[in-house]
Amino acid sequence: MSNLRIDHLYKRYGAATVLDDINLGIETGEFVVLVGPSGCGKSTLLRMIAGLDGASGGDIHIAGKLVNNLAPAARGIAMVFQSYALYPHMNVRKNMTFGLKFTGVAPAEREKRVAEAARMLRLEELLERYPRDLSGGQRQRVAIGRAIVREPAVFLFDEPLSNLDAALRVSTRVEIANLHRLLKATIVYVTHDQVEAMTLADRIVVMNKGRIEQVGKPLDLYYAPANLFVAGFIGSPAMNFFAAKVESVAGGRARVTGAGFRSFDLPAASLNVGDTLTIGVRPEHLSRGTNGAFAVEGIVELVERLGEASFAHIRRPDDKLFVAEVRGREAPAVGEKTTLVAAAQDVQVFDAAGLRISI
Amino acid sequence: MTIEQRARSAGVHLVLLAYSALAIGPILLVVMNSFKARSAIFGAPLAPPDASTFSLIGYDKVLRSSNILTYYSNSLIVTLVSMALVLLFGAMAAWALTEYRFRGSTLLGLFLSIGIMVPIRLGSVAILNMMRSAGLNDTLTALILVYVAQGLPMSIFILSEFIQQIPRDLRDAARCDGVPETRIFLEVIAPLLRPAIATVAVFTIVPIWNDLWFPLILTSSDKTHTVTLGVQQFLGQYITDWNSVLAALSMAILPVVMIYIILSRQLIAGLTSGAVK
Ligand SMILES: Nc1ncnc2c1ncn2[C@@H]1O[C@H](COP(=O)(O)OP(=O)(O)O)[C@@H](O)[C@H]1O
Ligand SMILES: [Mg+2]
């Protein structure tokens, strides 16, 4: 059963279209991550699902019910905000129960839910404390607890980890994943961090400039991005792009040439002579060597050492930079001239409109 | 601290001390002399009361011979009721104007801010006529209505500034939690406005308590006079009963001072973190 359905949703502020024809269905129990660059409309979409902002057009169904005109509380959602938004003058217990008394939950039931949530989130010791006496991670857990006790049909998270430091972010990420497994909850989770998206999501929705670019499983987005935007957004460091042209087509093979890489052949498929293409290769799919379908050479300009691997920033003959992830101890030296190759299956081809051509 | 910093800080404190002396001096003089016999008030006005000059005759006379307790309770009623109404309506209006966009909200905000700039006394004649035709002449209600009108614009202005500083997420979280709008205002927003409310309370109370003008034109009988007006009856054209005047004034100062002391901590927090950025 589809738990959340969004049809032809629009949001306009004056002349600016912030959300442009959003269509999305989310199954019960699914963990969906909305990801995209800052300002692409993720929060706006989440707030519209929550009912905090009105739509300029379109429908939202939650648990099979049209909720367009329902107040947030009547929609069966709970939201966790980036700033936590805890009530500063109420202690942790009160923060969690405050909303419940308005939604007709009996006092005994409230206490039961709080105890349950506190146990799950390890907040038992903190129930009498005030938000100002909690650390960032604890506040975050209280905010999640406040959502859990509402027992919503859909959880909405807006960048819940972005105010935490790096170490805490990783551990809280794991906690959220566990929580999802435990509660079997339907979650819509907003982030601009593609690592968070990849690690948490059952499905990722990649947004850009108010539109959905692609919806898919994490690895599908990684290995089969629909277009240049998704290809460039998913993966870190970002995919390298090379401008290319189809030079000739003969015997079912198309010869692709371009500045900075060695010409190579592709199955002709729908390609025609003179087509403009973009070739994409991920840094982690490039390795030093000479044998590979795709080969590019250049002079190492900068090396970032991470330990298990190094990112080499390499200047191509056509003066553009690309990045290769070199594994192991042998980091390339700055100034070294090197050739990098990739296997045919790791080479993505995009047409002039930026859409991926499956080959 | 360097010597230069220290010198500057000393300079600042010197100025502040001088100002404090200037402000407190007259009050101290009034209170001090209210405890002295008449001859001592004139003989050595700057001397504190001592065993030979100490006298409570002023207080005695005031408490016995006049309606001072009526005046006092009138002042208290008018001030406290006005303050409560100004705070309640001010906070509600500030919340509505900052939180909800509705037709004419900008215009309404502008209209209210005019009230800050135009002194209400300019409308004295109109107010007097209005009260007379409404049959509110010589009632405390008339005073309260005028003072609420006088205090509202500034309180809306200050409270709006504070409400804008409360993160939007907090209201949205409460909405997601299913808290009704009135309860969001009363139980989420209002408690966070405490410092601002203290500030507004002081700014509202002091001018009302001290006001002479509106009691003078709107009240005519002893049963509706306020303290400031009541004191005037000791100031005669030919003889002034200084003992009584000073004693009555000292008593009039007392509540304001007490309110300051009670609210001072909140007040400072309010002044430094809000409207006066
Ligand atoms: N009240 C508003 N008026 C006008 N534009 C707005 C308003 N709220 C958001 N926007 C615009 O909508 C776009 C999307 O915002 P948002 O959803 O917050 O982005 P994200 O969460 O993806 O970073 C931004 O370009 C922002 O400027
Ligand atoms: Mg956002």
Side-chain angles (χ1 to χ4, degrees), chain A residues 13 43-44 46-54 70-90 94-105 110 130-132 139 142-160 163, chain B residues 87-88 91-92 94-106 159-201 263 265-270 272-274:
Chain A
Y13 287 111
S43 296
T44 306
L46 208 64
R47 292 173 58 82
M48 286 169 72
I49 296 171
L52 294 169
D53 283 341
L70 291 187
R75 293 187 174 203
I77 54 97
M79 189 150 167
V80 176
F81 293 84
Q82 179 177 357
S83 61
Y84 317 137
L86 301 179
Y87 309 121
H89 54 295
M90 299 181 195
K94 189 86 198 299
N95 259 284
M96 293 205 264
T97 52
F98 181 55
L100 294 180
K101 72 176 178 202
F102 301 106
T103 38
V105 179
R110 282 179 225 159
Y130 283 85
R132 60 176 174 273
R139 283 179 206 177
V142 176
I144 294 174
R146 189 171 63 181
I148 288 176
V149 296
R150 301 207 58 225
E151 301 187 342
V154 182
F155 283 88
L156 307 173
F157 286 81
D158 193 357
E159 310 216 10
N163 283 348
Chain B
L87 289 178
L88 181 70
M92 290 196 319
W95 166 252
L97 286 173
T98 46
E99 184 63 11
Y100 308 119
R101 292 278 132 232
F102 50 91
R103 193 181 298 273
S105 60
T106 320
L159 291 170
S160 297
E161 289 283 322
F162 271 89
I163 288 174
Q164 267 159 20
Q165 289 176 3
I166 297 175
R168 189 172 82 155
D169 280 355
L170 212 55
R171 312 158 200 185
D172 288 341
R175 287 198 181 116
C176 288
D177 263 358
V179 186
E181 293 293 314
T182 43
R183 307 295 284 267
I184 294 179
F185 171 69
L186 291 174
E187 291 181 45
V188 179
I189 302 300
L192 298 178
L193 286 178
R194 270 225 308 265
I197 285 177
T199 310
V200 173
L263 296 180
R265 263 191 50 208
Q266 303 268 6
L267 180 68
I268 289 163
T272 49
S273 76

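Chain letters run A, B, ... following the sequence lines, proteins first, then strands; residues in each count from 1.
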Practice task
Show your working on side chain to side chain contact (heavy atoms under 4.5 Å, CB included) between A/Tyr84 and B/Leu170 and close with a plain yes or no.
Solution key: CA-CA 9 Å; A/Tyr84 317 137; B/Leu170 212 55; over 6 Å; no
Handout entry: A/Thr103 versus chain B, the contacting section by heavy-atom distance below 4.5 Å
Key =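 For A/Thr103, the contact with chain B is made by the side chain alone.
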Problem - Which atoms of A/Leu86 approach chain B - backbone, side chain, both or neither, heavy atom under 4.5 Å - result: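 Interface part for A/Leu86: backbone (N, CA, C, O).
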Handout entry: Atom of A/Tyr87, atom of B/Ala174 and distance for their closest heavy-atom approach
Key =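 Closest heavy-atom pair between A/Tyr87 and B/Ala174: OH-CA, 3.1 Å.
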Handout entry: side chain to side chain contact (heavy atoms under 4.5 Å, CB included) assessment of A/Phe102 paired with B/Asp177
Key = CA-CA 8 Å; A/Phe102 301 106; B/Asp177 263 358; over 6 Å; no
Handout entry: Contact residues of residues 71-80 of chain A (partner chain B; heavy-atom separation under 4.5 angstrom)
Key =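 A/Pro72, A/Ala73, A/Ile77, A/Met79 fall under the 4.5 Å cut-off.
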Handout entry: For B/Pro167, all residues meeting side-chain contact (heavy atoms from CB on, under 4.5 Å), sequence neighbours excluded
Key =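 Result, side-chain contact (heavy atoms from CB on, under 4.5 Å) vs B/Pro167: none returned.
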Exercise for the section: Applying salt bridge (charged side-chain N to carboxylate O under 4.0 Å, His left out), name anything that partners B/Glu181, two or more places apart in sequence or on another chain. Expected result: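 So B/Glu181 forms a salt bridge (charged side-chain N to carboxylate O under 4.0 Å, His left out) with B/Arg175.
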Gap separating the [atom1] atom of [X] from the [atom2] atom of [Y], nearest 0.5 angstrom:
X	Y	atom1	atom2	value
B/Asp172	A/Asp53	CG	CG	7.5 Å
B/Glu187	A/His89	CD	NE2	7.5 Å
B/Asp169	A/Arg47	CG	CZ	7.0 Å

Problem - Top contributor to chain A interface from B/Gly178, B/Cys176, B/Pro180 [non-hydrogen pairs under 4.5 Å] - result: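 Sorted descending by pairs with chain A, the first entry is B/Cys176.
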Practice task
Under the side-chain hydrogen bond (donor to acceptor under 3.5 Å, both in side chains) rule, collect the residues that match up with B/Arg168, sequence neighbours excluded.
Solution key: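 None.
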